[in-house]
Amino acid sequence: MPISHVQVVSVPVSDQGRAKDFYVDTLGLTLLADQQLAPDMRWVMVAPPSGARLTLVTWFPTMPPGSLKGLVLETDDLEGDLATLGEKGLTVSDVQSAPWGRFVTFDDPDGNGIVLQASAPNAPQSDAAGWRDDA
C-alpha cells in the first residue's frame with residue numbers, strides 16, 4: 001500500500017469564519033478555498049507553504065469542535081513567531097526543549113491543541129528511538 005503523504009487534516013471548529021481568520025490572520029497560513037458546497041456545508045481549506053492542508057470542518061459529528069490535539073506546525077523562527085503571536089494577543093506556553101528541538105503549545109479559538117516547533121539541526125525525523133535520552 002504505497003501511501004505517499006498526508007494530503008488533508010480536518011480540524012473540527014464551531015465557526016468556520018472565526019477559524020479561518022485565526023489560521024490565516026493569526027498563524028499566517030494561506031487560504032486555499034472558501035466555498036459553500038451545500039446549505040450546511042462550507043469547504044474552508046488553509047495551508048502552510050509546504051505540507052498537509054487543513055480543512056476547517058463543522059460537519060463530522062464524531063469530531064466536536066476543539067477535539068483535535070497535537071497538530072504540529074514547523075517553524076524556522078520560533079522566537080520571531082512567538083513575538084508575532086504575542087502581538088496578536090495569543091496565549092502561548094513557555095518554550096520547552098526536547099531532543100528534537102524547541103516548541104510551544106497553544107489552542108485555536110475552539111480549543112484544538114497546536115504545537116509550534118522548531119526542529120533542531122540534524123534532529124531525527126523518522127526514527128523515534130533517536131529521540132530517547134538513553135539512546
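Counting begins at 1 with the first residue of the sequence.
Of all heavy-atom pairs spanning T91 and F106, the tightest one is O-CB, 3.4 Å. Heavy atoms only, all atoms of each residue included: A118 and L78 are closest at CB-CB, 4.0 Å. Contact between L32 and A47 at its shortest, heavy atoms only, is CD1-CB, 3.6 Å. Between R42 and V44 the shortest heavy-atom distance is NE-CG2, 3.5 Å. When all heavy atoms of L85 and T26 are compared, the closest pair comes out as CD2-O, 3.7 Å. Between R102 and S97, the shortest heavy-atom contact is CG-OG, 3.8 Å.
Between the side chain of N112 and the backbone N or O of D107 there is no donor-acceptor pair closer than 3.5 Å.
Atom CG of L56 and atom NZ of K20 lie 9.5 Å apart (nearest 0.5 Å). Between atom OH of residue Y23 and atom CG of residue L54 there is a gap of 6.5 Å, rounded to the nearest 0.5 Å. The CG atom of L116 sits 9.5 Å away from the OG atom of S93 when rounded to the nearest 0.5 Å. Taking OG of S10 as the start and CE of M45 as the end, the distance is 8.5 Å to the nearest 0.5 Å. Rounding to the nearest 0.5 Å gives a distance of 10.5 Å between CD of E74 and CG of D81.
Looking at heavy atoms from C-beta onward, V46 lies out of side-chain contact with T30 at the 4.5 angstrom threshold. The shortest side-chain heavy-atom distance between L27 and F22 falls under the 4.5 Å cut-off. By the 4.5 Å heavy-atom criterion applied to side chains, L82 and V92 are counted as neighbours. Contact annotation: the side chain of I114 approaches that of D108 to within less than 4.5 Å [non-hydrogen atoms, C-beta and beyond].
The number of heavy atoms from other shown groups lying within 6.0 Å of CG (D77) is above 12.
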Could you go step by step and tell me if V11 and V57 meet the side chain to side chain contact (heavy atoms under 4.5 Å, CB included) rule? CA-CA 6 Å; V11 178; V57 299; 6.0 Å; no

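At a cut-off of 3.5 Å, with distance as the only test, no side-chain donor of Q117 or T75 sits close to an acceptor on the other residue.
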Return all side-chain donor-acceptor pairs below 3.5 angstrom for residues 2-9, not counting sequence neighbours, or 'none' if the list is empty.
| residue | atom | partner | partner atom | Å |
| --- | --- | --- | --- | --- |
| H5 | NE2 | Q7 | OE1 | 3.1 |

For residues 59-73, dump all side-chain donor-acceptor pairs below 3.5 Å to protein atoms at least two apart in sequence or in another chain.
| residue | atom | partner | partner atom | Å |
| --- | --- | --- | --- | --- |
| S67 | OG | P64 | O | 2.8 |
| K69 | NZ | G66 | O | 3.1 |
| K69 | NZ | G111 | O | 2.4 |

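Taking 4.0 Å as the cut-off between side-chain N and carboxylate O, R18 and D110 count as a salt-bridged pair.
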